[in-house]
Amino acid sequence: MRASLFPRLALVLITPAALADDDSSIRVIAEFSAGGRDFQFERVPLPAINDAAAEAEFTLIGGSADPNGAPISILHNGRVPREPDEPSANFFLAAGTDGGRVLIDLHEVMAVQEVRSYSWHPGSRGPQVYTLYASDGAEDRFAADPGTETDPSEAGWKRLARVDTRVEGTDGGGQHGVAVRREDFEPLGSFRYLLLEIERAGPPPFGNTFYSEIDVIGADGEDLVFVEPPESKIYAFQGPEGRYRYTVDATQAPDLTDWVHEKMMPMVKEWYPKLVAMLPSEGFTARDDVVLEFRSGINVPAYAGGNRVTLNVEWFRRELEREALGCVVHELVHIVQDYGHGRRNNPNATRNPGWIVEGIPDYIRWFLYEPEVRGAEITARNIGNARYDASYRISANFLNWVVNERYPELIPELNAAAREGRYSEDLWVEWTGKSVSELGDAWMEHHRARLESQ
């Protein structure tokens, strides 16, 4: 059974190229899709692999590139991002930069049929705002680099179109596709050079557009080969009695589909309800819709936010037989924790220490879900750096010791206090008669004595 995670909201704008030099037949076709993932539009074709820009030279002659983005060559490599916020697959200007100029040298004068541009970002870096110029380079006054202060129209350039895909009432998040063409589909003209004078589309300092691809379509070129959108691999699952619903997006990891169905989802359907029952608090209802999405290019194994777990494709491929399932359990605990609940409902909410935020999921993972792995042991190798507030596995071991030695109800009580925004170190004295630092000392002494006796 398939479910759509990304409902498509599309908008098509067909406007005269208002700034064209006395050429009212040029049109700007601008399409916006808030839910798109594959650059498919009604009037703007898919990005091409073998367009005239594929062998062109792209140069930034005004402004500065953001070092977090891709080099300018990404704009004509025939590939597009797979994620809405993928800096390494987009070219964009540096933070704080208000604009820049991209020069395209086609290496020869040719009849240009269309110029197309594509961008993608979940927020205000999605829209495109630029003015398009063109030249055959033949005028005596022509300057390929007119400088940042000179109007290109005064340096041998013809102004073709003004592009602005911002959508009123939205931040513009989504996919944007633009085609600059004539109304009668005749060529725009014969040019060797194109110039995009790019403007910042969103508020500073991070309002520069994530440009994904720029295509130049020659009037006499070969048949175009288009980027193939990935086959959607989105699956819906329902838990026992229909209370909980799970959606898995494996579009970027089609090779993991069998593992998802045979290993991951049986575990999720069994353990998510267990986690909800394990971590209750008064007036709280856990989320009943959970989304798990595989993504490439992230620098952690996984992370959770809201009702969504994002899974690192490359890491999971390596860890299918080792840590993969336990990692999913850890992230599901974060969804059930929902510590934003306290901030939303308690104006005096206290801040939760990070070691508790991460220690509880690792406690459940290593001591309840897969205790046989012994992944949170204190050993002679790690005891030198062990502290109760060291987070993750070490803090999980501390919590397990307190549960077994001092307070069996610690985990639900601690989680409820953190979720409700009322966590305080005073609670440890109330629960155990000892401060958390005193408990930490006793826990360490326990392990030192255990290791010395071995």
Side-chain angles (χ1 to χ4, degrees), residues 10-33 36 38-58 72 74-80 91 101-120 127-137 152 157-165 175-198 209 211-229:
L11 181 66
V12 182
L13 300 175
I14 305 176
T15 61
L19 298 182
D21 292 341
D22 301 322
D23 197 338
S24 60
S25 70
I26 295 178
R27 294 287 183 267
V28 174
I29 315 298
E31 295 193 71
F32 162 67
S33 178
D38 48 18
F39 288 93
Q40 295 193 74
F41 302 103
E42 294 294 327
R43 300 287 300 276
V44 179
L46 284 166
I49 295 172
N50 62 334
D51 62 290
E55 302 299 326
E57 180 180 356
F58 281 57
I72 198 168
I74 202 83
L75 293 176
H76 59 122
N77 68 352
R79 296 193 294 271
V80 291
F91 174 81
R101 289 174 171 176
V102 173
L103 172 68
I104 304 173
D105 182 356
L106 300 171
H107 300 303
E108 62 179 348
V109 176
M110 66 173 62
V112 174
Q113 187 78 36
E114 292 186 25
V115 177
R116 302 170 187 163
S117 54
Y118 305 84
S119 58
W120 192 14
Q128 303 176 30
V129 183
Y130 65 86
T131 304
L132 177 64
Y133 298 85
S135 175
D136 60 7
W157 290 89
K158 178 181 180 180
R159 190 166 53 188
L160 294 181
R162 159 81 171 176
V163 172
D164 188 343
T165 70
Q175 291 187 334
H176 294 249
V178 170
V180 178
R181 63 169 73 118
R182 288 191 185 277
E183 189 174 24
D184 57 7
F185 291 95
E186 289 296 312
L188 292 169
S190 292
F191 310 116
R192 171 175 172 174
Y193 302 98
L194 296 167
L195 183 70
L196 280 73
E197 187 169 51
I198 296 172
T209 301
Y211 284 95
S212 307
E213 178 80 0
I214 296 175
D215 288 350
V216 180
I217 311 303
D220 302 317
E222 59 185 310
D223 291 341
L224 293 176
V225 178
F226 298 103
V227 170
E228 289 190 16

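Note that the numbering runs from 1 along the sequence shown for the chain.
- Note on ring orientation: taking the six-membered ring where Trp is involved, the planes of Trp157 and Tyr133 are perpendicular (angle over 60°, cut-offs 30° and 60°).
- Between atom OH of residue Tyr130 and atom OG1 of residue Thr165 there is a gap of 9.0 Å, rounded to the nearest 0.5 Å.
- Atom-to-atom distance recorded for Tyr118:OH and Gln175:CD is 11.0 Å, nearest 0.5 angstrom.
- Here CG of Leu188 is found 7.5 Å from CD of Gln113. Values are rounded to the nearest 0.5 Å.
- Listed here is the closest heavy atom pair of Val163 and Val178: CG1-CG2, 3.9 Å.
- A heavy-atom distance below 4.5 Å is found between the side chains of His107 and Glu57.
- The CG atom of Leu132 sits 8.5 Å away from the CD1 atom of Ile26 when rounded to the nearest 0.5 Å.
- Note that the CZ atom of Phe91 and the CD1 atom of Ile72 stand 4.0 Å from one another [nearest 0.5 Å].
- Heavy-atom minimum distance, Pro187 versus Arg182: O-NE, 2.6 Å.
- Of the inter-residue distances, the one linking Leu75 atom CG with Ile104 atom CD1 reads 8.0 Å to the nearest 0.5 angstrom.
- A 4.5 Å side-chain heavy-atom check between His76 and Phe58 finds at least one atom pair inside the cut-off.
- The shortest side-chain heavy-atom distance between Asp215 and Pro47 falls under the 4.5 Å cut-off.
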Residues Ile217, Val112; criterion side-chain contact (heavy atoms from CB on, under 4.5 Å); working and verdict: CA-CA 6 Å; Ile217 311 303; Val112 174; over 6 Å; no
